[in-house]
Amino acid sequence: MRKMANSNGLSVRIAVSADAPIIWDILKSEIEVMHQQGRDQWQYGYPNPSTVAADIEKHQGRVLLKEDEVAGYCALVTSGEPNYSHIWDGEWLTKSTSSSSHYSVVHRIAINPNFTGQGLATSFLLMLIEESKSIGKESMRIDTNFDNAQMLHILPKLGFTRCGKVMVSDGERIAFEKRF
């Protein structure tokens with residue numbers, strides 16, 4: 001993957017092993033923020049350093065760079081999401097088959113606490129949408145907790161549609177999809 005950049009000095013690249021310590025620091029900070037806010041998401045040992053290592057090994061990890069500093073992290077999955085095969089209280093905008101994935105998925109998006117409040121999560125998602133389009137995906141799916149006010153605000157603003165609910169390893173989530 002080439003480094004994808006925008007005009008604001010932001011770029012996205014595939015995460016490498018050397019990024020793991022800063023990625024984990026970013027995720028730990030977000031886990032602590034969620035805990036302080038009384039939120040249930042990410043409070044039971046997920047994500048963890050093994051999750052980050054697996055993302056990097058599978059070439060799914062993405063880092064958001066502001067200039068050359070790691071400003072954010074997420075996993076961009078392009079091979080489908082088994083937890084999304086069952087959705088209730090709605091339906092996906094696009095149909096999928098078990099043999100192929102026409103959508104990408106964003107998991108574990110987090111912004112470095114040194115960069116919060118700058119709209120970087122929105123910029124990061126927009127750049128991931130462009131990457132997904134460039135590899136031929138027709139939509140992007142994402143899930144979030146019912147009390148994640150930031151994502152519940154950002155996703156509709158970016159054109160994501162609330163599609164229903166899905167179950168993931170740490171509980172029930174609200175599912176969104178954006179058709180390209």
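In this text, all values refer to a predicted model and were calculated from it rather than measured experimentally.
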**Student:** Are the side chains of Glu131 and Leu128 in touch, meaning some heavy atoms are under 4.5 Å apart?
**Tutor:**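 Yes, close enough: below the 4.5 Å cut-off.
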**Student:** I would like to know whether Met151 and Leu125 meet side-chain contact (heavy atoms from CB on, under 4.5 Å); could you show each step before the answer?
**Tutor:** CA-CA 11 Å; Met151 290 305 290; Leu125 283 166; 4.0 Å; yes
**Student:** Would you call Ile142 and Leu155 a side-chain contact if the rule is heavy atoms closer than 4.5 Å?
**Tutor:**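 A side-chain contact exists here, since the closest heavy-atom pair is under 4.5 Å.
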**Student:** Charged N to carboxylate O below 4.0 Å: is that the case for Lys66 and Glu69?
**Tutor:**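 Looking at Lys66 and Glu69, the cut-off is not met.
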**Student:** Taking all heavy atoms of Pro82 and all of Ser85, pick out the closest pair and write down the distance.
**Tutor:**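 For Pro82 versus Ser85, the nearest heavy atoms are O-OG, 2.9 Å.
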**Student:** Would you please name every residue forming a side chain to side chain contact (heavy atoms under 4.5 Å, CB included) with Ala15, sequence neighbours left out?
**Tutor:**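 Partners of Ala15 by the side chain to side chain contact (heavy atoms under 4.5 Å, CB included) criterion, ordered by chain and then number, come out as Asp19, Ile23, Ile56, Val63, Tyr73.
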**Student:** Should we say atom NZ of Lys133 is surrounded by more than 12 heavy atoms from elsewhere, each under 6.0 Å from it?
**Tutor:**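 Counting other residues, nucleotides and ligands, NZ of Lys133 exceeds 12 neighbours.
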**Student:** Output, in order, the C-alpha distance, side-chain angles, deciding distance and verdict of side-chain contact (heavy atoms from CB on, under 4.5 Å) for Val166 and Trp92.
**Tutor:** CA-CA 11 Å; Val166 294; Trp92 295 114; 3.9 Å; yes
**Student:** Could you verify whether a donor N or O on one side chain and an acceptor N or O on the other, from Glu177 and Ser139, lie under 3.5 Å apart?
**Tutor:**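 Yes, Ser139 and Glu177 have a side-chain donor paired with an acceptor closer than 3.5 Å.
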**Student:** Hey, are Glu81 and His107 close enough side-chain-wise for a donor-acceptor pair under 3.5 Å?
**Tutor:**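 Yes, Glu81 and His107 have a side-chain donor paired with an acceptor closer than 3.5 Å.
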**Student:** Is the shortest side-chain heavy-atom distance between Thr144 and Arg173 below 4.5 Å?
**Tutor:**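 No, every pair of side-chain atoms sits at 4.5 Å or beyond.
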**Student:** Under 3.5 Å, is there a donor-acceptor pair between the side chain of Gln43 and the main chain of Ile31?
**Tutor:**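 It does hold such a pair.
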**Student:** Taking all non-hydrogen atoms of both residues into account, name the closest pair between Phe124 and Gly72 and its distance.
**Tutor:**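 Closest pair (atom of Phe124, atom of Gly72, distance): CE2-C, 3.8 Å.
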**Student:** Could you walk me through whether Leu65 and Leu10 pass side-chain contact (heavy atoms from CB on, under 4.5 Å), step by step?
**Tutor:** CA-CA 5 Å; Leu65 302 172; Leu10 298 174; over 6 Å; no
**Student:** Output every pair passing salt bridge (charged side-chain N to carboxylate O under 4.0 Å, His left out) with a member in residues 108-121, not counting sequence neighbours, ordered by first then second residue.
**Tutor:**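 As it turns out, the salt bridge (charged side-chain N to carboxylate O under 4.0 Å, His left out) pairs with a partner in residues 108-121, which skip direct neighbours, are Asp55-Arg108.
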**Student:** OG1/Thr78 to CD/Gln60 distance, rounded to the nearest 0.5 angstrom?
**Tutor:**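 Answer for the OG1-CD pair, Thr78 versus Gln60, is 7.0 Å.
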**Student:** Is a side-chain N or O of Lys178 found less than 3.5 angstrom from the main chain of Arg141, in a donor-acceptor match?
**Tutor:**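 No, the answer is negative, given that no donor and acceptor are paired below the 3.5 Å cut-off.
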**Student:** For the residue pair Arg39 and Asn145, confirm or rule out a side-chain donor-acceptor distance under 3.5 Å.
**Tutor:**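 Short answer, no.
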**Student:** Judged by modelled atom types alone, do Glu138 and Thr94 share a side-chain donor-acceptor pair under 3.5 Å?
**Tutor:**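 No donor-acceptor contact under 3.5 Å links the two side chains.
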**Student:** On a heavy-atom basis, which atom in Ser132 and which in Leu76 lie closest, and how many Å separate them?
**Tutor:**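 Nearest pair, atom of Ser132 first, then Leu76: OG-CD1, 3.9 Å.
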**Student:** In chain order, what residues pass the side-chain hydrogen bond (donor to acceptor under 3.5 Å, both in side chains) check against Glu32, with sequence neighbours excluded?
**Tutor:**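 Glu32: side-chain hydrogen bond (donor to acceptor under 3.5 Å, both in side chains) contacts with Gln36.
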**Student:** Looking at Phe180 and Lys137, what are the two nearest heavy atoms and their distance?
**Tutor:**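 The answer is CD1-O, 3.2 Å.
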**Student:** Apply the test side-chain contact (heavy atoms from CB on, under 4.5 Å) to residues Trp42 and Asp170: give CA-CA distance (whole Å), side-chain angles for both, the deciding distance (0.1 Å), then the verdict.
**Tutor:** CA-CA 7 Å; Trp42 292 7; Asp170 61 343; 4.1 Å; yes
**Student:** Rounded at 0.5 Å granularity, tell me how far CD1 in Ile129 sits from OG in Ser134.
**Tutor:**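 If I round to the nearest 0.5 Å, the distance is 12.5 Å.
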**Student:** What's the shortest heavy-atom distance between Phe160 and Met140, and which atoms?
**Tutor:**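 Nearest pair, atom of Phe160 first, then Met140: CE2-O, 3.6 Å.
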